Amino acid sequence: TTASPPHIALLPSAGMGHLTPFLRLASMLSSRSCTVTLITASPSVSAAESSHVSFFLSQHPLVKHIEFQVIPSKPSSNPTTDDPFFLQFEATNRSVHLLYPSLASASPPISAIFSDFAVASSIAPVAADLGIPNYIISTTSCKFFCLMAYLPVLLSDPSSFSSGLSEVNIPGITPFPLPSIPPPFKNPSHLLTSLIATDAQALSKAKGILMNTFDDFERETLAPIKSGRVLDNLPPILPIGPLETYEPKKEQDQSYLPWLDSQPAESVVYVSFGSRTALSSAQIRELSKGLERSGYRFLWVPKTSKVDKDDKEELKDLLEESFLDRTKNKGRVVKGWVSQQDILEHPAIGGFISHCGWNSVMEAVRKGIPMLAWPQHMDQSVNAEVVEKAGLGIWERKWGWGLEGLVSGEEIGKKIVELMEDEKLRVWPGR
Ligand code: BUP
């Protein structure tokens, strides 16, 4: 008898940064004749998530879909955060048990579950009861994964993050400078911290951990974690990145494309801080000055709210009309969702100002696009350091976290020139 192809159930957590790698995996597995079931939580936090899921399913008619209702958290139940994505992580974990009947009755039977790190603790007992192997998908850098996996140990010692220390040490890997630790980790009762620590404790129950990264990019961390030097109870670590892309959903407004097509090769700076970072209006103004001062061409996708549904501002409210006027031949500013993957693949792009969300990093590395790292929150400072060490980008540490202080247009302009003129950043294969 020939074995039938496996049936993989994929369970992402909230936010485009989590959904995107799962859709890429779903597309890849389905094109290699696996049966694939995509599990999504409803309602989603952002409009981008629900529209990408519907579009993906319409393009991949063979992929099955299970949608489950999350039990919402009470607005005041978590005094440590009002971040809608963190609240959704918690609500998803509280609701995963609802999947039990649909996973148990799936046909053909499910061979393996691929689940997000952020649901590791809640899916583990369900998978164990059903006798289905569970693999964790890590959507961040291996270096940040180590910090999350080791968090329970760090939290058990109140002095781990004490401000008197300059760095945080984890066995086997290079230390983390204290400023790169996400501020919520210093508060053990912060919702995000307790969720991550609980998920970390469930990692040993997984069959394996698949990471969207690769040896050449993070060798100094992948080698020790694979050989058990970071934690000795982790299952096999399997780097599978950068994940293969699939034909993405196109935005409605692609009017910048003919402009991009007519720009010289590698001449344009692409600017985006991901789907969930809102810059202050003062910082947006300084960034506009910096772009103009640099003299380089640019394509900029500004965002002013954490959740896209709340984004009501128009370009003319954000930027002075005179700026848009003066730069109309030099640059384009686009409001709303763009296909970043297509933009980064465009020959005119020569640099990327990025918050260092890990998907953005893996998309840039596929084409060897040099990055100016400007981390805003969570894993992004650790990711920025990885990018810098790999030789794909520069990072101005004194700019700090996004909302910490205002970075002037003058400084930004200088860094953009450095980004675009540094030949050492242009040695990555792919260009
Ligand atoms: Br914004 C935006 N178009 O307009 P990250 C993002 N993306 O294609 P984040 C677009 O969303 P987390 C847009 O290419 C990447 O695949 C982008 O993920 C795509 O950052 C993804 O880079 C964004 O990991 O998520 O959104 O801050 O904080 O969850 O990592």
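This one's a predicted model, so the numbers in the text were calculated from it and none came from an experiment. Counting starts at 1 for both ligands and their atoms, following the listed order.
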If you compare H355, E363, M16 by their heavy atoms, the one closest to atom 9 (P) of ligand 1 turns out to be H355
For H18, the ligand 1 atoms whose distance to one of its heavy atoms is below 4.0 Å:
29 (O)
Do the side chain of H60 and the main chain of L62 share a donor and acceptor less than 3.5 angstrom apart?
no
Indicate, with yes or no, if the rings of F89 and H18 have centres closer together than 6.0 Å.
yes
For ligand 1, which atoms, with element, lie under 4.0 Å from some heavy atom of G274?
1 (Br), 26 (O)
May I have the step-by-step check of side-chain contact (heavy atoms from CB on, under 4.5 Å) for S272 and W300, ending in yes or no?
CA-CA 6 Å; S272 170; W300 179 15; over 6 Å; no
Side chain, backbone, both or neither: W337 near ligand 1, heavy atoms under 4.0 Å:
both
Hey, is V338 touching ligand 1 through its side chain, its backbone, both or neither, going by heavy atoms under 4.0 Å?
both
Please list the nearest protein heavy atom to atom 12 (P) of ligand 1 with its residue and the distance rounded to 0.1 Å.
G17 CA, 3.9 Å
Atom 22 (O) of ligand 1 - nearest protein heavy atom and its distance
S360 OG, 2.5 Å
Contact between K303 and ligand 1, counting heavy atoms under 4.0 Å?
yes
Report, in ascending order of atom number, the atoms of ligand 1 lying under 4.0 Å from any heavy atom of W358.
24 (O)
